[in-house]
2 protein chains.
Amino acid sequence: MTEVDVVVVGAGLAGLTAARALRAEGRTVRVLEARDRVAGRTAGGTLANGVAVELGGQWIGRTQTEVLGLVEELGLTTFPTFDTGQGVTRYRGTVTRYDDVTFGLSFEAALEAGRLQLELEKLAATISLSAPWTSPKAAELDRRTLDEWLRANTDNAEALAFWATVVPALFSAEASEMSLLHFLFYVKSGGMLDILVGVAGGAQELRVEGGTHQICERLAAELGEEVVTLNAAVRSITHDENGVRVDFADQVVTARYVIVTIPPTLAGRLDYRPALPGARDGLTQQIPMGSVIKVQIAYPTPFWREAGLSGFAFDLDDALSVVLDNSPSDGSCGVLVAFFEGAHARVAAGWSIGERRAAAVASLTELFGPQAAEPLDYLELNWMDEEFSRGCYGGRLGAGVWTQYGAALSAPIGRIHWAGAETAQVWNGYMDGAVRSGRRAAAEVLDRMDS
Amino acid sequence: MTEVDVVVVGAGLAGLTAARALRAEGRTVRVLEARDRVAGRTAGGTLANGVAVELGGQWIGRTQTEVLGLVEELGLTTFPTFDTGQGVTRYRGTVTRYDDVTFGLSFEAALEAGRLQLELEKLAATISLSAPWTSPKAAELDRRTLDEWLRANTDNAEALAFWATVVPALFSAEASEMSLLHFLFYVKSGGMLDILVGVAGGAQELRVEGGTHQICERLAAELGEEVVTLNAAVRSITHDENGVRVDFADQVVTARYVIVTIPPTLAGRLDYRPALPGARDGLTQQIPMGSVIKVQIAYPTPFWREAGLSGFAFDLDDALSVVLDNSPSDGSCGVLVAFFEGAHARVAAGWSIGERRAAAVASLTELFGPQAAEPLDYLELNWMDEEFSRGCYGGRLGAGVWTQYGAALSAPIGRIHWAGAETAQVWNGYMDGAVRSGRRAAAEVLDRMDS
C-alpha cells in the first residue's frame, strides 16, 4: 500500500493503537517502524533459563484503564507484582528493613519527606493537565527546577537523598533537569505520588504474563504485515494542503494525514518539507530523553522472600538505586529487576558490562544478603544507546519549556499530527498515556476526514 | 571531487576556516553546505536604500584576535561601532540617559547589579575553560540555574530586571534556561562581562565594512566552487576504521575524516551509521539554540546623535530590549539595530511582521523620541525559523549538562571530528570562537593524518 488515508510513524503503543482506531473506522493505514521489531519502549528479553522478562516498560496500575483494557481485549493476562514482606532502604551504609510508610527512613526524615510530598501535591493539584502553561503561577513554577524547590524547602539530608532517588526512579533524570512545573504536571497526570511510586494500588501493581511487548505484537499481528512495515526509518515528511508524502528506506507512501508518534527529540530529527515553524522545532530541541539502564538479575529461587523481604529496595548510596521482585508468576526462579537511572545511568554507561554486573551484584548483596552474590544470569538494556529511542522512560521539560513551548507539543501542523507518551494528559510518560495519545490523535484525524 | 582527505559539514566560519587550514597543508577538502549560501549565522542584508546591514553576527572585539586577523588577511576593513554620547535605559516607564557606568539604573540598583557582576566574575575565574566539568564545585554550580543564583543573591527588583535584559542580550535565552556553570564558563571564555557587554573596548567595538558575511564569502571564493558545494544538506555519515562516506542530496563523497561544524542540536539530527554512543546523542539532545529576531530600522539620518545619544539602549520594559547604532560608516543614513531575545523572541515570533515592526517602532520612539516613529525601512530575520540554524546566537547548556555530557562536546568519535562556535574554549559562541574551533579541528585531523 503506497497510498493510504493515514501514515503512522512508529509502531509502539501510541502508533499501533492509533492505527487500530483508524482501521476500526474503515480507514486505510500504513505504520512505518524504524526498528526490526515493533513495541518501541517495551521490549521482550529472555533469561538464560528461558524465563521471559521485560527490558523496557513493564508495570501496569489499576488506574491505567486504557492499557489495562487493551491487555484484556487482546487476550493477555495480568498477575500481581510480588509485594509481600518488608522493603529495604540503604542510606549511609545502613540497610533498614521496613513494613510501614517510612520507606526505611529515620523518623525525622520520613516525616520531612512526607511533608515535602504533601506540599508538592498541593501545588500539583493546581496544575492544568490540558494546558499546564495556563496553571496559576505557571511562569513562577516553570522558571524553577524541582531541585531548587527541594533544597529551598528542606535541609534534611536524608530526606533530600530519598527524593534524589525517587525522582530518577520516576523520570530517569535528576530533579535539577526538570522544571518544578513539569514535575507537578507529571505527578498530577499519574494521580499523585503514592500511586506513581506504589506497587499494590500503584503504577507497579500488575505485570503481564510473557511481557508487555506482546501488546504491540498482538496489535501488529491484527493489523497485518501489509500495514506494519519494519526497518522503515522515516527520512522525510513532505506536506502541503493536499496531503503528505513520507519517504523511508528508498520507498515512498502518500497519505491524507500523518501521525508522528516517536519521542519529540526524535521527531525533531526528521526532515520536514517545508520545514516546521520555529516554535515546534524549539520544542523538540528541549525535550531530552531520560537515561536508564535496566538490569535483570536471576537467581535459582526468590530467596529474599524466605527472609521476609518483598524484593523492593531503594539504595540511596549506590548507582543501582531501585530494585523490585520480577520473578515469574510460577516462582520457577527468582528475578530482581533494578535500575541505573539519571546521573547514575550516565556514569554506569561508561563502564563495561562486567563492571555494571559487578556493581549491581555488590549492591544487591548489601541489600539482600550473601545469597545475592551468586546470580544465575545478568541481562541489561542501555536505552541511551537504542538508536530509535535514545533514552527512556521518556522526555522531560526543563525550566521554561512548558510555558514557552508547551502549546506546540500536540498541536497539529497542517496535516501532521503528534502522539506518543510525552503528549498525553493522563498518565503522561507511561504505556497508558501512549495508548491514550494514539487514540486522541486518531480521533483528531478522523474528525478532519469526516468534516 | 567525490574522494577527498576531509569532508567538512557546514560552510560557516568554523567549516571554512577548517577547510582553509587543511588546504594550506596540501590536503584535499570538500565543504558541504545545506543552504544556498555560505556564512551560516552571519548573513548579509540590504535596506531599501541600498545600505548593507548584517542579519546575523556582526561585531568584532579587539580581543577576538583570530577573526580580526582573518578579516585583515582577507582584505576586509573594520570601522568602530558608533559609541559617542549617552546611552538610554527604560525601566518602569522612565527613560534615563546616562554617560557613566550605571547603565541608567538608580544608584542603589547600579551598585547591586555591579556587586552581582563582581560575585559572578569571582566564580567565573575558577572555571576551567578546557574542561568546565573539572572546575572546583562544578557539580554544585551546574545543578543550579543562573536565575536561581540571581534570585538567591539579591532582591533588588531593578537589578534583577537589568540582569533579565543583559542575559538574553548575551545568550538569546533566559537565566533560568542555563546552568550557573554554563554562564560562568561563557563569561570567562569571552574575557568577563565588561568585555562581553561593552562597545568601545568590548565585543561590540568594531564592524566590518559591507558586512561580516563577506568573511565566509571570501574564504569560499578562495576555496573555489569545486570545494564548496551549496544546497548540499547532509543526510548520513557512514563511518568505520577505514574512512567516512557522506551522503547528501543524492550524491556521495568519501573521505578519510569528516569535520562536523553545524550546531550540536543540528549535528544530532544527522543519520550516523553506525549510530553514535548514547553520551554524544544525549549531549546533542540538550544544547538548544537561543531565540532571537534581529531587526534593523532605518531613518534618513542618525538623528539620535544630534540629541547627544549614542544609540545604545536597554529597554527593561518591552520586548525589543537591546538597541545599538548600526548606521553605515559614511553616515549616509541612520540605522538602529535591535533585538527580540529569549522569551521576548518566542512571544514576538507569534506576531505578524507588521506587529513586530509596530512594537519595535513604538519602543524606539519611547527610547529616542518622536523622530523614531517614522522609519524609512524595517528589516528583520527570525533565526528560529532558519531551517539550517534553528536559532541564534548559539547553543546553551542547561542544568547538569556540562558536568554529565561536556566531555562529549568536542571529543572525536572514530573519524568524526566536531567544530563550531559551541565547541570553542575561547570566545565560545562568537565568530572568533567559530574560527578557533575550525582551526582546532583541522589541527586534530592533520595530526592524525601525519601520524
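By convention in this document, chain letters (A, B, ...) are assigned in the order of the sequence lines, proteins followed by strands, and residues within each chain are numbered from 1.
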For B/Tyr272, which atoms come within 4.5 Å of any heavy atom of chain A: side chain, backbone, both, or neither?
backbone
Please report the C-alpha distance between A/Glu148 and B/Arg151 in whole Å, then the side-chain angles of each, then the deciding distance to 0.1 Å, and finally whether the side chain to side chain contact (heavy atoms under 4.5 Å, CB included) criterion is met.
CA-CA 11 Å; A/Glu148 178 190 344; B/Arg151 283 186 286 109; 3.2 Å; yes
Are A/Glu177 and B/Gln404 side-chain neighbours, meaning at least one heavy-atom pair lies under 4.5 Å?
yes
Using non-hydrogen atoms and a 4.5 Å limit, figure out which bit of A/Ser179 sits close to chain B: side chain, backbone, both or neither.
neither
Greatest number of heavy atom pairs closer than 4.5 Å to chain B - which of A/Thr265, A/Thr145, A/Thr403, A/Asp281
A/Asp281
Tell me the closest heavy-atom pair linking B/Ser176 and A/Ala399, and the distance in Å.
O-CB, 3.3 Å
If we define contacts as heavy-atom pairs under 4.5 Å, which of A/Gly282, A/Ala279, A/Gly278 has the most with chain B?
A/Gly278
Among B/Leu276, B/Ile287, B/Asp271, B/Val347, which has the most heavy-atom pairs under 4.5 Å with chain A?
B/Leu276
Is there a donor-acceptor pair under 3.5 Å between the side chain of B/Asp385 and the backbone N or O of A/Pro277?
no
Let's test your reading of the structure: which of B/Ala275, B/Ala152, B/Gly391, B/Gly395 forms the most heavy-atom pairs below 4.5 Å with chain A?
B/Ala275
Keeping the roles fixed (side chain from A/Gln285, backbone from B/Arg390), state whether a donor-acceptor pair exists under 3.5 Å.
yes
Of the backbone (N, CA, C, O) and the side chain (C-beta and beyond), which part of A/Arg143 lies under 4.5 Å from a heavy atom of chain B, both, or neither?
both
Examine whether an atom of A/Asn382 lies under 4.5 Å from a heavy atom of chain B, and if so say whether it belongs to the side chain, the backbone or both; otherwise answer neither.
neither
If you tally heavy-atom pairs under 4.5 Å against chain B, which of A/Ala175, A/Ala343, A/Ser236 wins?
A/Ala343
Chain B: which of A/Arg235, A/Arg144, A/Met289 shares the most heavy-atom pairs with it under 4.5 Å?
A/Arg235
Are A/Arg273 and B/Glu387 within salt-bridge range, i.e. N to O under 4.0 Å?
no
Chain A interface, residue from B/Gln286, B/Glu386, B/Arg346 that has the most non-hydrogen pairs under 4.5 Å:
B/Arg346
